[in-house]
Amino acid sequence: IGVILGIMPWNFPLWQVIRFALPTLMIGNTVMVKHAPNTWGSSMKLANAFDQAGFPSGIYTHLPIAVESVAELIADPRLQGVSLTGSTRAGREVAALAGKSLKRCVLELGGSDPYIVLDDADVELAAEKCVTARMLNGGQSCIAAKRWIVCDGVYEEFLQTAKELMSAYVCADPHDDKTRLGPLARKDLLENVKAQVENAISRGAQVIAAGQCVQTKGFFYPATLLTGFEKSPLPLDEEIFGPVACLYRARDNQHALELANQTSYGLGAAIFSKNEEQALDWARNRMEAGMVAINGMVRSDPRWPFGGIKDSGFGRELTWLGAKEFSNQKVVILD
């Protein structure tokens, strides 16, 4: 259908763009990328890669423009659509601009992904996957395991195992290959995480485990485990973009499901259970999310579509579903 604008985030500055750009290009469009200002180098690197690979000139254009210029760009009649990966707030603004100009848009927004551990789960596996999925990229991922919802019967075992696993995530020099937890991307992001944790504590949450930081210079935040959310609904509808896990204690399996869906977000989710039939039924019919993993972690993979529902956005990236987001489903009738 023409030229598509990609508004891209900083947290996975190469893969995030590829995920949007390749399906869009393969269906026959061209793309312009307005990357996050602290990752313009990644967008320029991709532009050079397309040139070196022999693609026609202009198929991928890096746009080093300010946020204030985006509204005018979306309104330009030469632009046919826009794909945003970012915050829910930014998604609302872009959707409003696209709607005003009757442009298609795909929104991949934030998440408060629940990982539920049922009473028949392999607890060691569940704890390992939950910790890995929360600490990925220093916790700076929309599909991180932000809420661990564990049934009462396995809660204590899970807690002890998760605490041991989290202790290995020590803030240290990111240039050292042995480091498992590096810094947050910017000072303002660090301040946001600090404020969110302090707010949660003021409303009843408790710090059960706090990791170490051997690196003192930089925007580091220790791996942190919070519990005690019975009286504080804060993390349900607020995305903590850092290495902070929120642990909930569920009375039983049904209560775990209710807590999982009790959020305005709907990006990813995971279920840990040895009852595969029940897990599949819940994943297909009862979990309110765009992606559900069973006995594993939600991840971005070229083999399946990526995207969410509710305040996590709409539309899909990757696969043929992602390619068709910016195409004309044309009907030709030959009598």
Q) Does a side chain donor of either Arg249 or Thr227 reach within less than 3.5 Å of an acceptor in the other side chain? A) no

Q. Are the side chain of Ser42 and the backbone of Leu14 linked by a donor-acceptor contact shorter than 3.5 Å?
A. no

Q) Is the closest basic N to carboxylate O distance between Arg299 and Asp301 below 4.0 Å? A) no

Q | Step-by-step side chain to side chain contact (heavy atoms under 4.5 Å, CB included) determination, Leu181 to Tyr221 | A | CA-CA 9 Å; Leu181 183 59; Tyr221 195 87; over 6 Å; no

Q. Without hydrogens or angle criteria, can the side chains of Ser43 and Tyr60 be said to hold a donor-acceptor pair below 3.5 Å?
A. yes

Q.
Please determine whether residues Leu118 and Val150 belong to a single hydrophobic cluster, defined as Ile, Leu, Val, Met, Phe, Trp and Tyr linked transitively by side-chain heavy-atom distances below 4.5 Å.
A. no

Q: State whether the side chain of Gln140 and the backbone N or O of Ala185 hold a donor-acceptor pair below 3.5 Å, judged by distance alone.
A: yes

Q) Hey, does Pro305 have a side-chain heavy atom less than 4.5 Å from the side chain of Leu318? A) no

Q.
Side chains of Trp304 and Thr319 only: does a donor on one sit below 3.5 Å from an acceptor on the other?
A. no

Q: Evaluate the ring planes of Phe241 and Trp10, with Trp represented by its six-membered ring, and classify them as parallel (under 30°), tilted (30 to 60°) or perpendicular (over 60°).
A: perpendicular

Q | Thr132 side chain to Glu128 backbone, donor-acceptor under 3.5 Å | A | yes

Q: State whether the side chain of Asp173 and the backbone N or O of Thr179 hold a donor-acceptor pair below 3.5 Å, judged by distance alone.
A: no

Q) Applying the 4.5 Å side-chain criterion to the ILVMFWY set and letting contacts propagate, would Leu259 and Val244 be lumped into a single cluster? A) yes

Q) Relative to Phe306, does Arg316 satisfy both conditions: NZ or CZ under 6.0 angstrom from the six-membered ring centre, and within 45 degrees of the ring's axis? A) no

Q) Do you know which two heavy atoms are closest between Cys213 and Phe220, and how far apart they sit? A) SG-CB, 4.1 Å

Q.
Keeping Ser312 on the side-chain end and Gly266 on the backbone end, is there a donor-acceptor pair under 3.5 Å?
A. yes

Q | Pair Lys146 + Glu239: basic N to acidic O under 4.0 Å | A | yes

Q.
For Glu124, I'd like to know if atom CD has over 12 heavy atoms of other residues, nucleotides or ligands within 6.0 Å.
A. no

Q) Is Leu63 reachable from Val94 through a run of I, L, V, M, F, W or Y residues, each pair having side-chain heavy atoms under 4.5 Å apart? A) yes

Q) Taking side chain as C-beta onward, heavy atoms only, is Met287 less than 4.5 Å from Leu257? A) yes

Q) Does Gln52 use its side chain to pair, donor to acceptor, with the backbone of Ala49 at less than 3.5 Å? A) no

Q: Assess whether atom CD of Glu277 is packed by more than 12 heavy atoms of other residues, nucleotides or ligands within 6.0 Å.
A: no

(Q) With a 4.5 Å cut-off on side-chain heavy atoms, are Thr24 and Ser83 touching? (A) no

Q) Are side-chain heavy atoms of Ser300 and Trp15 found at a separation under 4.5 Å? A) yes

Q: Side-chain contact test, heavy atoms from C-beta onward, threshold under 4.5 Å: evaluate it for Val31 versus Leu25 and give yes or no.
A: yes

Q. Where the side chain of Asp113 meets the backbone of Gly268, is there a donor-acceptor pair that is under 3.5 Å apart?
A. yes

Q | Single-linkage hydrophobic cluster Leu247~Ile240, side-chain heavy atoms < 4.5 angstrom | A | no

Q: Using a 4.5 Å cut-off on heavy atoms from C-beta on, say whether the side chain of Phe20 contacts that of Ile4.
A: yes

Q | Intermediate values then yes/no, salt bridge (charged side-chain N to carboxylate O under 4.0 Å, His left out), Glu191 and Lys187 | A | CA-CA 6 Å; Glu191 296 302 323; Lys187 183 178 180 181; 5.5 Å; no

Q. Can you list the steps and then say if Ile294 with Phe272 is a side chain to side chain contact (heavy atoms under 4.5 Å, CB included)?
A. CA-CA 6 Å; Ile294 297 174; Phe272 293 90; over 6 Å; no

Q: Go through the steps for Ile7 and Leu5 under the test side chain to side chain contact (heavy atoms under 4.5 Å, CB included), then give the verdict.
A: CA-CA 6 Å; Ile7 303 174; Leu5 171 66; 4.0 Å; yes

Q. Between the side chains of Ser327 and Gln329, does any donor sit under 3.5 Å from an acceptor?
A. yes

Q) Counting distance only, does the side-chain N/O of Arg286 pair as donor-acceptor with the main-chain N or O of Asn261 below 3.5 Å? A) no

Q. Under 3.5 Å, is there a donor-acceptor pair between the side chain of Ser167 and the main chain of Glu164?
A. yes

Q | The single option from Arg134, Arg180, Gln212 passing side-chain hydrogen bond (donor to acceptor under 3.5 Å, both in side chains) against Tyr169 | A | Arg180

Q | Residue pair Val70 / Glu93, side-chain heavy-atom distance below 4.5 Å | A | no

Q. Using 4.0 Å as the upper bound for N to carboxylate O, is an ion pair formed by Asp176 and Lys178?
A. no

Q.
Has Glu276 got a side-chain atom pairing as donor or acceptor with Ser273's backbone, closer than 3.5 angstrom?
A. no

Q. Using a distance-only test with no angle check, is there a side-chain donor-acceptor pair under 3.5 angstrom linking Glu198 and Ser202?
A. no

Q) Is there a side chain to side chain contact (heavy atoms under 4.5 Å, CB included) between Met8 and Leu84 once you walk through the steps? A) CA-CA 6 Å; Met8 296 288 109; Leu84 166 80; over 6 Å; no

Q | Exceeds 12 heavy-atom contacts within 6.0 angstrom, atom CZ of Arg92 | A | no

Q) Are a donor atom and an acceptor atom from the side chains of Thr88 and Asp311 found within less than 3.5 Å of each other? A) no

Q: Before giving the answer on salt bridge (charged side-chain N to carboxylate O under 4.0 Å, His left out), spell out for Lys310 and Glu288 the whole-Å C-alpha distance, their side-chain angles and the decisive distance to 0.1 Å.
A: CA-CA 9 Å; Lys310 302 198 288 189; Glu288 297 174 4; 2.8 Å; yes

Q. Which pair of non-hydrogen atoms, one from Gly91 and one from Leu107, has the smallest distance, and what is that distance?
A. O-CD1, 3.6 Å

Q. How far apart are the closest heavy atoms of Cys130 and Val117, and which atoms are they?
A. SG-CG2, 4.5 Å

Q) With side chains defined as the heavy atoms from C-beta onward, is the minimum distance between Lys34 and His62 less than 4.5 Å? A) no

